[in-house]
Amino acid sequence: MHFFRSREDADGWAVGRDGIAILSIAEGDELAQVHWVERLRRASSV
C-alpha cells in the first residue's frame with residue numbers, strides 16, 4: 001500500500017506497472033470493511 005499527495009502523483013507512479021488499483025481513502029476504507037471486517041465478524045460468529 002502506498003499513499004500519494006494526489007491522484008496525478010499516483011497515476012504517474014503506476015505507469016508501466018501491472019495490477020495496480022488507485023483508490024481514494026474512502027474507497028480503500030470501504031474495501032477493507034468488505035474484505036476484512038465482515039470476514040472477521042463472520043469467522044468469530046462460527
Next on the checklist: Can you tell me how far apart CZ (Arg39) and CZ (Arg42) are? Round to the nearest 0.5 Å.
Outcome noted: 7.0 Å
Next on the checklist: With rounding to the nearest 0.5 angstrom, report the CG to CD1 distance, Asp9 to Ile22.
Outcome noted: 10.0 Å
Checklist entry - In terms of heavy-atom contacts, does CD of Glu30 have more than 12 from other residues, nucleotides or ligands at under 6.0 Å? => result no
Checklist entry - How long is the span from the CZ atom in Arg7 to the CG atom in Leu23, to the nearest 0.5 Å? => result 7.5 Å
Item to check | Nearest-0.5 Å distance, CH2 of residue Trp13 to CZ of residue Arg17 | outcome: 4.5 Å
Checklist entry - When rounded to the nearest 0.5 angstrom, what distance separates CZ in Phe3 from CD1 in Ile25? => result 6.5 Å
